[in-house]
Amino acid sequence: MKLMLLRAMGAIAAAAAVSAASAAPFTASSGDIAGGKPIANKFVFNGFGCKGDNVSPAVAWKNPPAGTKSFAVLVHDPDAPTGGAGWWHWLVVDIPAATNSLPQGAGGADGAGLPAGARQVTTDFGAAGWGGPCPPTGDKPHHYNFTVYALKVDKLELPQNPTASLVGFMVNANAIAKARFTGLYGR
């Protein structure tokens with residue numbers, strides 16, 4: 001009897017492992033930015049010597065884990081010469097759980113292209129909304145990490161005007177999964 005019980009428990013554990021291994025991973029992508037490839041001028045910042053159109057690219061995700069109650073999309077350049085802080089280009093939080101993408105242009109300053117309830121936070125450019133790539137002239141191409149976070153809360157508890165670092169902390173404290181792709185840009 002004990003041997004049968006051990007075999008049954010082993011079979012259940014094996015089945016659970018196979019099921020977990022076959023579950024599709026949480027992924028993020030963009031039809032506008034190919035992972036590891038240069039970012040088009042359409043999405044580049046317009047200012048600081050850059051002459052792009054400053055349109056936010058589309059961001060999509062699929063297979064979020066069970067228990068996801070909202071999403072956050074954060075775009076960060078770790079290569080920016082800021083003494084180690086990098087540069088925050090876009091922070092969108094409180095994206096409803098039923099959402100699986102943000103369309104191209106959703107990052108306008110007014111947030112009109114975002115799903116109801118979502119909000120943008122001030123970037124390192126000093127305003128909310130998408131701020132495209134604009135690294136210093138002559139730098140090697142910078143990495144622009146687009147990370148989608150699946151969160152365990154419907155809404156983050158943030159003050160009215162949080163810093164990007166506080167948002168990053170709260171997002172990571174409430175994340176149950178994250179998916180990332182990276183675009184490159186240099187000038």
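Note that this is a predicted model, so its numbers are computed, not measured.
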Heavy-atom pair with the smallest gap, counting every atom of [X] and [Y]:
X	Y	answer
Gly168	Leu74	CA-CD1, 4.3 Å
Ser30	Pro57	OG-CB, 4.2 Å
Ala72	Val171	CB-CG2, 3.9 Å

- request: Indicate, with yes or no, if Trp87 and Phe169 share a hydrophobic cluster defined by side-chain heavy-atom contacts under 4.5 Å among Ile, Leu, Val, Met, Phe, Trp and Tyr.
  value: no

Donor-acceptor contact present, side-chain [X] to main-chain [Y], <3.5 Å:
X	Y	value
Asp77	Gly86	no
Asp139	Pro135	no
Asn100	Lys62	no
Thr123	His89	no

Output the distance between atom [atom1] ([X]) and atom [atom2] ([Y]), rounded to the nearest 0.5 Å.
X	Y	atom1	atom2	value
Glu157	Met170	CD	CE	6.0 Å
Ser165	Leu91	OG	CG	9.5 Å
Lys178	Leu151	NZ	CG	12.0 Å
His143	Leu184	NE2	CG	5.0 Å

Side-chain heavy-atom pair [X], [Y] within 4.5 angstrom cut-off:
X	Y	answer
Pro81	His142	yes
Asn172	Tyr149	yes
Asp94	Lys155	yes
Leu158	Arg119	yes
Leu156	Asn174	yes

field: Centroid-centroid distance, Trp88 to Phe125, less than 6.0 Å
entry: no

message: Applying side chain to side chain donor-acceptor pair (under 3.5 Å) as the test, list every pair that has at least one member in residues 34-52; sequence neighbours left out.
response: Lys42-Gln104

Under 3.5 Å side-chain donor-acceptor pair for Asn145 and His76: no

message: Considering only residues two or more places apart or on different chains, which pairs with a residue in residues 51-80 satisfy disulfide bond (SG atoms under 2.5 Å apart)?
response: none

message: Enumerate the disulfide bond (SG atoms under 2.5 Å apart) contacts for residues 47-149, please, sequence neighbours excluded, ordered by first and then second residue.
response: Cys50-Cys134

query: For Pro103, which residues count as a side-chain contact (heavy atoms from CB on, under 4.5 Å) partner, sequence neighbours excluded?
result: Ala106

statement: Across all chains, not counting sequence neighbours, the side-chain contact (heavy atoms from CB on, under 4.5 Å) partners of Pro25 are Thr27

- prompt: Other than Leu114, which residues form its hydrophobic cluster under the rule that side-chain heavy atoms must be closer than 4.5 Å?
  reply: Phe26, Ile33, Ile39, Phe43, Val44, Val55, Val59, Trp61, Phe71, Val73, Val75, Trp90, Val92, Ile95, Leu102, Trp130, Tyr144, Phe146, Val148, Phe181, Tyr185

